[in-house]
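To start, the structure under review is shown below, and the notes come after it.
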Amino acid sequence: MSVNRPFTRDQRTTIVNGMLAFVLMLVVLQLWLLTATMNAYLGGDTAIVWPAAAVSVVCLLLNLGLLRYLYYIERRRR
Amino acid sequence: MTRDGESRTPIDARIDTPGREGLTGTAPASVYRPLRDPEQVTTAPDGRPMEGQPAWRTDFPIDWPQDAYVERREFMKFMVLTSGAFALGQLWIAGQNWWRRRHGQPEQMRIASLDDIAVGETRTFAYPTEHDPCVLIRPAADVLLAYNQKCTHLSCAVIPRVADGVIRCPCHEGLFDLSSGRPLAGPPRRPLIRITLRLQGRDIYATGVEERTT
């Protein structure tokens with residue numbers, strides 16, 4: 001029988017640390033994308049503008065998914 | 001006392017009572033309940049007990065594990081907000097690109113006459129709009145060059161030095177090659193925006209804008 005009990009604070013801290021590592025990697029990727037796209041756009045190279053925007057939005061959605069999970073484990077605690 | 005008058009030794013419910021080790025099934029549930037919620041017990045960052053902590057730490061005791069959890073949680077929320085800002089920036093660039101494509105290439109415009117500009121001289125003009133300052137350069141009798149005057153670093157106005165064969169940005173000592181507009185020194189990484197020209201009779205026309213990454 002599986003027991004579905006809320007995570008302890010230590011477990012939640014570990015989970016948040018792990019999620020934060022992913023979020024930071026994605027944000028750094030987005031920062032690189034933004035600077036590279038801006039440079040290309042100002043140089044007249046517009047081929048990568050929409051693909052880069054799509055990748056950045058996907059990164060944002062992944063981050064929002066992780067944030068949603070954070071709210072979920074917070075809600076379960078109460 | 002019991003009903004028949006005999007006295008009974010009260011049951012010692014502790015789990016570590018000699019002879020009762022392992023008989024957990026007989027112990028009341030209260031035995032297993034911790035006296036304090038573990039999440040209410042704080043631990044100093046160095047892991048040592050409070051007695052061994054410096055005075056400043058005992059004077060202002062806080063719930064360190066909770067503090068660590070909350071600060072990471074809030075940092076993560078802020079990073080997701082940052083992620084949203086970056087995505088918004090990307091969409092803004094895409095929108096600008098769409099807007100620019102919709103308008104297409106600017107129309108050609110007469111900017112000067114050959115008689116207005118002597119060899120070795122420069123002349124400023126605005127193209128394609130009045131907010132786009134450009135510079136027309138005539139380094140030789142049969143050579144005409146035109147660039148947008150905004151430096152590709154931070155948009156300072158660049159100054160051609162025809163005799164030296166360079167275009168200089170005075171803000172951060174950026175240098176561009178006069179004949180190609182490519183960066184030679186300083187912080188700029190992209191070439192100057194080139195204005196394509198057409199000579200019709202003695203009239204000089206600007207016909208388009210050429211942005212380059214290299």
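Sequence lines set the chain letters: A, B, ... in the order given, protein chains first and strands last, and positions in each chain run from 1. In what follows, every heavy atom counts, from backbone to side chain, and hydrogens, waters and symmetry copies are set aside.
Between A:L34 and B:G89, the closest heavy-atom pair is CD1-C, 3.8 Å. The heavy-atom pair separating B:Q96 from A:Y41 by the smallest distance is CB-OH, 3.3 Å. Closest heavy-atom contact between A:V49 and B:A94: CG1-CA, 3.3 Å. Closest approach of B:S83 and A:Q30 over heavy atoms only: OG-OE1, 2.6 Å. For the pair B:A87 and A:L60, the tightest heavy-atom approach, listed with the atom from each and the gap, is CB-CD2, 3.9 Å.
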Practice task
Assess whether side-chain contact (heavy atoms from CB on, under 4.5 Å) is satisfied between A:R9 and B:D63, documenting all intermediate values.
Solution key: CA-CA 12 Å; A:R9 184 174 59 190; B:D63 192 349; 3.1 Å; yes
Exercise for the section: List the steps and the verdict of side-chain contact (heavy atoms from CB on, under 4.5 Å) for B:Q90 and A:T37. Expected result: CA-CA 8 Å; B:Q90 290 279 3; A:T37 309; 3.5 Å; yes
Problem - Verdict with reasoning, A:W50 to B:N97, per side-chain contact (heavy atoms from CB on, under 4.5 Å) - result: CA-CA 9 Å; A:W50 282 106; B:N97 179 45; 4.1 Å; yes
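Counting non-hydrogen atoms of neighbouring residues, nucleotides and ligands closer than 6.0 angstrom, the CZ atom of A:F22 reaches no more than 12 such neighbours. Sparse packing is recorded around CD of B:E130, with 12 or fewer heavy atoms of other residues, nucleotides or ligands lying under 6.0 Å away.
Judged purely by distance below 3.5 Å, without hydrogens or angles, the side chains of B:R101 and A:T46 pair a donor atom with an acceptor atom.
At least one side-chain heavy atom of A:Y71 sits less than 4.5 Å from a side-chain heavy atom of B:K77. Annotation: side chain of A:L24 is in contact with side chain of B:F75 (closest heavy-atom distance under 4.5 Å).
The CG atom of A:L20 lies 13.0 Å from the CZ atom of B:R73; values are rounded to the nearest 0.5 Å. Once rounded to the nearest 0.5 Å, the distance linking CZ of B:F86 with OG1 of A:T35 reads 9.0 Å. The CZ atom of B:R189 lies 10.0 Å from the CG atom of A:N39; values are rounded to the nearest 0.5 Å. For the atom pair OG1 (A:T14) and CZ (B:R72), the distance works out to 10.0 Å, reported to the nearest 0.5 Å. Here A:L26 contributes atom CG and B:T82 contributes atom OG1; the two are 12.5 Å apart, rounded to the nearest 0.5 Å.
Residue B:E210 does not touch chain A at all, counting heavy-atom pairs closer than 4.5 Å. Within the 4.5 angstrom heavy-atom criterion, only side-chain atoms of A:V23, from C-beta onward, approach chain B. With a 4.5 Å cut-off on non-hydrogen atoms, A:L66 touches chain B through its backbone and its side chain both. Contacts between A:L31 and chain B at a heavy-atom distance below 4.5 Å involve backbone atoms as well as side-chain atoms.
Note on A:R12, A:M19, A:M38: by heavy-atom pairs under 4.5 Å with chain B, the leading option is A:R12. Ranked by non-hydrogen atom pairs under 4.5 Å with chain B, the options A:D10, A:V16, A:T8 are led by A:V16. Per-residue heavy-atom pair counts under 4.5 Å with chain B were compared for A:T13, A:V57, A:V58, and the maximum is reached by A:T13.
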